[in-house]
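Worksheet: the structure to be examined is printed underneath.
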Amino acid sequence: MDQNASGEDSDNIDWDTEDELEIQSSPLPSSSRLTYPDGEATVGDAEVISTTDLSHSKLINHFVGMGFPEELVAKVIEENGNCSVTLPALENSPRQEQPVDSDHYSSDYYENFADDLSDSDSWCEDEENTDSLSGKEKALSFLKKMGYTMEEASIAMERCGPDASVDELTDFICAAQMARAADPFFPELPEKPKRKLLENGMWKRKKHRGCDSRTMFDEEPLRLPNPMIGYGVPTELCPTPYRNLPEAAAGPPYFYYENVALAPKGVWDTIKRFLYDVEPEFVDSKYFCAAARKRGYVHNLPIQNRFPLVPLPPRTIKEALPLTRRWWPAWDTRTKLNCLQTCIGSAKLTERLRKALEDCYDDEPPAHVQKYVMDECRKWNLVWVGRNKLAPLECDEVEMLLGFPKNHTRGGGISRTDRYKSLGNSFQVDTVAYHLSVLKDLFPGGINMLSLFSGIGGAEVALHKLGVPLKTVVSVEKSEVNRNIVRGWWEQTNQKGTLIDFDDVTRVDGDQLEQLISNIGGFDFVIGGSPCNNLAGSNRHHRDGLEGKESSLFYDYFRILDLVKCIMAKPN
DNA sequence: AAAACTATGATTAGCTGA
DNA sequence: TCAGCTAATCATAGTTTT
């Protein structure tokens, strides 16, 4: 077999990363303190941070940053010391069922809030009256009394787990409500005529009503760039632009979030708003390898002086899969594969294609057959493996295209089906590594990393290939086979640092994070790509957007990142 | 019980010519 | 400006085989 002959034995390369990797146990550096410009006027950071749940304080700042009047936020905080009570007070406002109707954008929009705060005092009493119930019933009952629907409450219970505190539950519901309220295209919202009116005329008119009326609704919807090269790719010559990060986005820690670019409308606007208003960087991995992979990345990393992994991977199908070259007909003009997904084409399909081609004598097939074959080839990423023979990619070919070492996902008890699934859900290593390359100079002594939704370890592999020493990796991954893959890779590559496993992001709480941060001296980097199941176009059944069963775990990414930011900012 | 196998559209965005 | 077209898409559910 000469399919390895291209010299891609990346797992055999000496990466010269044998620096001493001492684990630090020093106290938090006071220099890592953050400032929160959003809340500086009326929301006293010090007081808010001292309340029970740190993430709430930043949520408050978000409300201010998103256009809620500071007076209102401040007032609510004054009335209720605990953020977890004040946030629902804000969110039970008209915003929840806010129709996209120009009538509701009048200047008295916020004046309605005052009325909705009227019974906020009674919540605390209700909390004490439910002691006799079980934990779950108690929480449900409490949430119901707070004005949440049973549906919201039970979704939150399911998402946050049975042992979640009321604070965590309300936190989750608030996040979901914020998303729902902020999404002008949310399903239960108005019929089309009004929407059109808004898009065509009313939208712009509102924008010119002065800075005071600036709200989240005024933002232009995000558009995907064409070409999809983000702030630049190694193979396209263009100067790196300068970008101005929002102050609230600044680290520590550095963070990096990933998900599918082609999500339902409004999803990326929501993601952006939660992640400190950082503009997503949309990049297609076809500029890094032989397969397309359109993804959005939200991060606060520097974008100057990036460098790619070398050697550069093959960037055409024929270079990546040289054995297929001799079978490739001239009328199949593909040079790149489409997105590598979690499932492959069936044998029945390739049989149908073979028969359709064999019926065409020995000449070129007629146009309609060519179109039929090409449509299926593009849909299922088929490659030519013989005369009239098409086939889906093998697991190891997917591994290679995604930038993983050969056999990275092989063996150790994982089925072939699960290999495709895990690979299809992974990062493209070269793409991510290009973005993360700036960490090498920033952390020559290595990094402490929090890796959420780690999967098969795309982030870890990328950093290792870059030569960034991994001091501590706290990895959170639900799938046991995936955790085994990362653990196996960790040992096989003779990592000198520490790998710590968790299995459930919804169970990661502030106490655990405080403990971890105090032990390792803080996280330098938080990375994760949350589930795309409910965002991806391939999902026929439950493409429910960010509120979907799995994709709503995005809010846990935000929650955990925000907790880390707050803990790291806290003077110690 | 686990793994393999197979059938199953809709939502976007971009392009083009009327 | 817009209907009509091309094109892409980190998947799920049900069934069969191992």
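Atoms considered below: every heavy atom in the structure, side chains included; atoms not considered: hydrogens, waters and symmetry mates. Each chain gets a letter, A, B and so on, in the order the sequences are listed, and its residues count up from 1.
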Subject >> Test: A/K478 and A/D503 ion pair at under 4.0 Å >> reply: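 Not counted as a salt bridge, because no side-chain N and carboxylate O are separated by less than 4.0 Å.
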**OP:** Considering only NZ, NE, NH1 and NH2 on the basic side and carboxylate oxygens on the acidic side, decide whether A/R416 and A/E394 come within less than 4.0 Å.
**Re:**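 A/E394 and A/R416: salt-bridged.
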From [atom1] of [X] over to [atom2] of [N], roughly how many Å is that when rounded to an integer?
| X | N | atom1 | atom2 | answer |
| --- | --- | --- | --- | --- |
| A/I344 | B/dC5 | CD1 | C1' | 9 Å |
| A/D544 | C/dA11 | CG | P | 15 Å |
| A/D375 | C/dC5 | CG | P | 15 Å |
| A/L349 | B/dT6 | CG | C1' | 10 Å |
| A/K336 | C/dA8 | NZ | P | 14 Å |
| A/N338 | C/dA11 | CG | C1' | 16 Å |
| A/Y372 | C/dA7 | OH | P | 17 Å |
| A/L393 | C/dC10 | CG | P | 16 Å |

Original post:
Does CZ belonging to A/R243 count more than 12 external heavy atoms closer than 6.0 Å?
Top reply: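 Count over threshold, so yes.
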Original post:
Does a sphere of radius 6.0 Å around NZ in A/K379 hold more than 12 heavy atoms from other residues, nucleotides or ligands, not counting ones at 6.0 Å or beyond?
Top reply: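 Open.
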Sort me out a list of protein N/O and nucleotides 13-17 of chain B N/O pairs below 3.5 Å, or just none if empty.
unit_1 : atom_1 : unit_2 : atom_2 : d
B/dG14 : OP2    : A/R223 : NH2    : 3.3

Subject >> Consecutive-pair stems (at least three Watson-Crick or G-U pairs, under 3.5 Å) that include DNA chain C >> reply: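 Stems for DNA chain C, defined as runs of 3 or more consecutive pairs: B:1-8 with C:11-18, B:10-18 with C:1-9.
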Subject >> For A/P221 against A/D269, the heavy-atom pair lying closest together >> reply: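 Smallest heavy-atom distance, with atoms named: CA-OD1, 3.4 Å.
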Subject >> Minimum heavy-atom distance between A/V461 and A/G403, given as atom pair plus value >> reply: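 Closest approach of A/V461 to A/G403, heavy atoms only: CG1-O, 4.4 Å.
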Subject >> Between C/dT9 and B/dA7 - P atom distance, rounded Å >> reply: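 It comes out at 22 Å once rounded to the nearest Å.
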Please determine, for the side chain of [X], which listed nucleotide ([options]) has the closest atom?
| X | options | value |
| --- | --- | --- |
| A/R352 | C/dT9, C/dA7, B/dA7 | B/dA7 |
| A/C339 | C/dC10, C/dA8, B/dT11 | C/dC10 |
| A/W380 | B/dA7, C/dA11, C/dC10 | C/dA11 |
| A/R543 | B/dT11, C/dC10, C/dA8 | B/dT11 |

Please check if any side-chain donor atom of [X] sits under 3.5 Å from a side-chain acceptor atom of [Y], or the reverse.
| X | Y | result |
| --- | --- | --- |
| A/D430 | A/Q428 | yes |
| A/E547 | A/S552 | no |
| A/T335 | A/T316 | no |
| A/Y420 | A/D418 | no |
| A/T506 | A/D556 | no |

Counting just side-chain N and O atoms, does [X] come under 4.0 Å of either OP1 or OP2 of [N]?
| X | N | result |
| --- | --- | --- |
| A/K379 | C/dT9 | no |
| A/S538 | C/dA11 | yes |
| A/Q341 | C/dA11 | yes |

Original post:
Which part of the nucleic acid, if any, lies within contact of A/S551, taking any heavy atom under 4.0 Å across all strands shown: a base, the sugar-phosphate backbone alone, or nothing?
Top reply: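 Contact class for A/S551: none.
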Original post:
Near DNA chain C, which residues from residues 408-420 of chain A have a heavy atom under 4.0 Å away?
Top reply: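 Nucleic-acid contacts, sorted: none.
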**OP:** Measure from NZ or CZ of A/K565 to the centre of the six-membered ring of A/F523, then state whether that distance is under 6.0 Å and the direction lies within 45° of the axis.
**Re:**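 No, a cation-pi geometry is absent between A/K565 and A/F523.
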Subject >> Per-nucleotide protein contact string for nucleotides 12-18 of chain C (B base, S sugar-phosphate only, - none; heavy atom under 4.0 Å) >> reply: BS-----
Original post:
Listed by chain and number, what are the ring pair (Phe, Tyr, Trp, His ring centres under 6.0 Å) partners of A/F525, not counting sequence neighbours?
Top reply: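 Partners of A/F525 by the ring pair (Phe, Tyr, Trp, His ring centres under 6.0 Å) criterion come out as none, since no residue qualifies.
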Original post:
How would you list, by chain and number, every residue that makes a ring pair (Phe, Tyr, Trp, His ring centres under 6.0 Å) with A/F427, sequence neighbours excluded?
Top reply: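 With neighbours one apart ignored, the set is empty.
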Original post:
With no hydrogens and no angle check, is any side-chain donor or acceptor of A/R543 less than 3.5 Å from a backbone partner on A/L535?
Top reply: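 A pair under 3.5 Å: yes.
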